[in-house]
> 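Have a look at the structure that comes next, please.
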Amino acid sequence: MARRFVLQPREPSPADPGLTLDYAADLDSQQHAAATAGDGVTLVVAGAGTGKTRTLVYRVAYLVETGVPPEQIVLLTFTRRAASEMLTRAAGLLDGRCERVRGGTFHAYCLELLRRHSERIGYPQRFGVLDAADAADVVDLARTRLGLDRLPKRFPKKRTLLAMFSAATNRGLELDEVLAEEYPQYAEHLDLIERLRGAYAETKRRTGVMDFDDLLALALELLRENPDVRRQVAGRIRHVLVDEYQDVNLLQADLVEQFQSVHGNAMMVGDDAQSIYRFRGADVGHILEVQKRYNGARVLKLEHNYRSTQPILDLANRVLDEAVEKYDKRLFTDREGGDLPALVAAPDDDMEARFVAQVVLDKREAGTDLNRMAVLFRSGWCSYALEAELNRRKIPFVKFGGLKLTEAAHVKDVVAHLRVAENPADAVAWNRALRLVEGVGPTTAGRLLDWIGAAATGGGPAAAVQMLRQSVDEVVPSASVAASVGRLVEALTPLRDDDMPPEEQVERLLGYYRPVFERVYADDFPKREADLDAVVALAARHRSRTALLESLALDPLDWTQEPAEGARKDEPPLVLSTIHSAKGLEFDTVFLIHALDGVLPSAYALASSDEEDEERRLLYVALTRAETELYASYPLVQYRRGTGQYLTEPSRFLSGLPESLLEPWSLVEEATPPASGDALPEADRPALPRSSGGA
DNA sequence: TGCCGCCTCTTTTTT
DNA sequence: AGAGGCGGCA
């Protein structure tokens, strides 16, 4: 029987002369209590703008100062941006001593673990990582493999299938429970869906790839089924800190439990009012039940808001008040005064864009840096009109969320070729590369894949390329197609050299791919060209092909967009972001655009009051990003193909609020360009100058 | 078999 | 707007 010997905690005295930071002076009393909390499990319930990040950063510094080796601290977050921001801030506090703190997203951290112990779960060391689009392709491969050429009518599409699989995995449910709960219309196909799920899993394993959910699920399996690995991994985690804990799903909550299982030190920070990831299996229940899961966990609160003015908080509090599910949350601030938030009705989205651009320029003129302002929206497409307007006015901006560059077809093409070099068993990558060969369609590609698969399992991955070269003639319809496939193989062969620097691999690959690229994207390849150079640049920043591919799979942070032409050099750009991607950030001025019913709340999220509440929290998150100025705006008309122009309604969460909370503005177009010194039509109603760029 | 053009549909949010 | 499905043609 193993025995547990309990060591008394070694409490550093508050006056410990070894501490270089003055924690008591830099933090308020609640923040101080959290940052300097003793060992064990601590839940910090922190409202919006209460200095959560600051507190975590000081916590890290405190641990390091009190003798915890930085590399034994693990700081987990949900986005790479949050991770890097926090690690950078911590590093800045104790000049470099915090640099070796481990951390990143759950997915990235799990990937690292799996890479190190892949043999324990039956994966090759060089397994690949699938994004959502790749995963959809694997579903197709799995389907073909099951011999299911024809699916029943009214059968879920692959995107829906993946969502079902994901819900089951992330929430620890059986497929039939997910179907009954969320997809009753497909319940009759349970058997077939189940078979597809099995084939999907089998295909991933056979071809050595994992999807995002696998990163979490397999890491958990690795730790649970290999006590020695768990002891080794958790033994090196003296403290685990988790930000945005309200957004963990079951797998992530379980992983945290594993990570702290040796030392028993965990700090979870979160705000149940800001839970916005239910759609991917997050469950506020986990933050609410921390005390149940960890007997004796202490609970601390941060309630003092330092970010926003009172009028902004009043509005945010009001929005939350009307949730069906009540929150015991009222933020208070010392920042008295400040302007009322505005609800701006714009005639159409072009005028809305001009309004935002104009206020942004005015504020920049008045001394607010562009990157202290942000434009937030519900979905990626909401900012299209604004992006055009910002380009016209040469205002530099970066956009977070929405479509990613790594999802662009031509970037995925390049990545697919690299993945084949990395892991010749990777059938999805092969498939993509083969389909780009002129004359190769689904059928030919399928036959070639069978050859490759046989070679990869039989003679090992290295044999695959060799085998393919010999077999091409037998499988391919014509000699010219065989020659084309041969050229692909010739292009890939030198890339298998692992010592070749990644940028050289990409450069060489582009020698093969460029002609293909110009043929496949004949109508618009010049516009796409810059992205290929960006891949080369990204490759130059990575040590190995493996590292490059990981970075590409998990959304590279340092994938820089070039600044708009004519932009001031080095001026930090205006931030455009989905609300989801803006979580945890703060800005002097926030514009919430397209605050429309059907957009926020999304028309797809109105089936239940739970879903509507999540949309409401999303609005709450958006509003509480603002420090001093807040503008919510919406266009009065929208266009939709088919329907044409139609009238809109402002967000149900914002319409009907008293003018003492949210001041209605309307936009009026000035008839003539203003002479200098002219008064505005009304003091607080900015007029729009005539559009300079045309609509 | 593969390619092309025409059709419709559907449109969150992220790792 | 863009993707995916389908039918007809080379």
Side-chain angles (χ1 to χ4, degrees), chain A residues 76-83 104-111 129-137 140 150-151 153 157-160 162-163 166 169-170 210-217 219 244 247-249 251-252 275-282 376-382 384 400-404 406-409 435 437-447 475-478 480-481 519-520 522 524 550-557 577-583 594 596 598-607 611 614-615 617-619 621-622 638-642:
Chain A
L76 295 173
T77 58
F78 283 82
T79 64
R80 299 191 131 203
R81 281 171 80 202
T105 62
F106 274 92
H107 291 84
Y109 189 71
C110 288
L111 174 55
V129 179
L130 306 172
D131 68 15
D134 301 325
D137 291 343
D140 275 343
R150 298 194 57 78
L151 291 168
K153 278 177 82 170
K157 304 223 177 311
K158 55 191 172 189
R159 283 287 312 235
T160 313
L162 284 165
S166 184
T169 307
N170 283 298
M210 296 183 191
D211 64 20
F212 287 135
D213 294 336
D214 291 329
L215 294 177
L216 304 180
E244 312 280 4
D247 282 325
V248 294
N249 60 37
L251 291 176
Q252 290 162 325
S275 140
I276 53 175
Y277 279 102
R278 234 178 60 105
F279 69 91
R280 73 169 192 207
L376 306 183
F377 33 87
R378 176 65 173 86
S379 3
W381 57 265
C382 296
Y384 289 165
F400 297 99
L403 281 185
K404 293 196 194 68
T406 44
E407 286 165 9
R435 290 291 305 274
V437 174
E438 200 165 13
V440 176
T443 315
T444 310
R447 286 199 196 132
V475 174
V476 145
S478 75
S480 77
V481 173
R519 170 175 56 83
V520 176
D524 65 345
E550 274 179 14
S551 185
L552 282 161
L554 296 180
D555 180 25
L557 248 196
S577 175
T578 58
I579 301 172
H580 284 88
S581 295
K583 193 166 75 155
H594 272 57
L596 289 171
V599 175
L600 180 60
S602 162
Y604 305 97
L606 296 174
E611 285 179 291
E614 174 135 324
E615 299 287 307
R617 290 192 297 271
L618 204 48
L619 174 60
V621 169
Q638 280 275 79
Y639 305 89
R640 188 163 50 203
R641 277 164 306 91

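Chain identifiers are assigned alphabetically (A, B, ...) following the order of the sequence lines, protein sequences preceding nucleic acid strands; residue numbering begins at 1 within each chain. Keep in mind that the numbers below use all heavy atoms, side chains included, and drop hydrogens, waters and symmetry copies.
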> Verify side chain to side chain contact (heavy atoms under 4.5 Å, CB included) between A:F377 and A:T578, making sure each step is shown before the conclusion.
CA-CA 5 Å; A:F377 33 87; A:T578 58; 4.0 Å; yes

> Return the stacking result for B:dT13 and A:F279: yes when the ring centres lie under 5.5 Å apart and the planes under 30°, no otherwise.
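A:F279 vs B:dT13: stacking yes.
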
> Looking at A:F78, A:F400, A:F279, which hits ring-ring contact (aromatic ring centres under 6.0 Å, His included) with A:H580?
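For A:H580, the ring-ring contact (aromatic ring centres under 6.0 Å, His included) test succeeds with only one of A:F78, A:F400, A:F279, which is A:F279.
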
> How far apart are the closest heavy atoms of A:V437 and A:R519, and which atoms are they?
C-NH2, 4.1 Å

> Rounded to the nearest Å, what distance is computed from the NE2 atom of residue A:H107 to the C1' atom of nucleotide B:dT14?
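After rounding, the reported distance stands at 8 Å.
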
> Quick one, A:S602 and A:E615 - any side-chain contact, counting heavy atoms below 4.5 Å?
yes

> Of all the nucleotides listed (B:dT14, B:dT15, B:dG2), which has the minimum atom distance to the side chain of A:T444?
B:dG2

> Find the distance A:L552:CG to B:dT14:P and express it as a whole number of Å.
18 Å

> Rounded off to whole Å, could you give me the CZ-to-P distance for the A:F400 and B:dT13 pair?
16 Å

> Starting at CG of A:L215 and ending at C1' of B:dT14, how long is that distance when rounded to a whole Å?
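Going from CG in A:L215 over to C1' in B:dT14 covers 13 Å.
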
> From CD of A:E550 over to C1' of B:dT15, roughly how many Å is that when rounded to an integer?
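Those two atoms, CD and C1', are 14 Å apart.
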
> Is there a side-chain contact between A:T79 and A:K583 (heavy atoms, below 4.5 Å)?
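Counting from C-beta outward, A:T79 and A:K583 never come under 4.5 Å.
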
> Does OP1 or OP2 of B:dT13 have a side-chain N or O of A:S602 closer than 4.0 Å?
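For A:S602, the contact criterion (side-chain N or O under 4.0 Å from OP1 or OP2 of B:dT13) is not met.
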
> Tabulate atom names and distances for all N/O pairs under 3.5 angstrom spanning the protein and nucleotides 3-7 of chain B.
| unit_1 | atom_1 | unit_2 | atom_2 | d |
| --- | --- | --- | --- | --- |
| B:dC3 | OP1 | A:G439 | N | 3.0 |

> Could you say whether A:E615 or A:A445 is positioned toward the 5' end of DNA chain B, judged by the nucleotide with the nearest heavy atom to each?
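The residue closer to the strand's 5' end, by nearest nucleotide, is A:A445.
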
> What integer distance in Å separates A:Y604:OH from B:dC9:C1'?
10 Å

> Over how many whole Å does the gap from A:K157 atom NZ to C:dG4 atom C1' extend?
8 Å

> Would you find more than 12 non-hydrogen atoms of other residues, nucleotides or ligands less than 6.0 Å from A:E438 atom CD?
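No.
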
> Identify which nucleotide among B:dT1, B:dT13, B:dT14 has an atom closest to any side-chain atom of A:R447, counting heavy atoms from C-beta outward.
B:dT1

> Heavy atoms only, 4.0 Å cut-off, all strands: where does A:T105 land among base, sugar-phosphate and nothing?
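If one applies the 4.0 Å heavy-atom cut-off, A:T105 turns out to touch the sugar-phosphate alone, with no base involved.
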
> Whole-Å distance between B:dT14 P and A:D211 CG?
18 Å

> Got A:L600 and A:H594 here, is their nearest side-chain heavy-atom distance under 4.5 Å?
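No, too far: nothing below the 4.5 Å cut-off.
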
> Heavy atoms only, 4.0 Å cut-off, all strands: where does A:Y277 land among base, sugar-phosphate and nothing?
sugar-phosphate

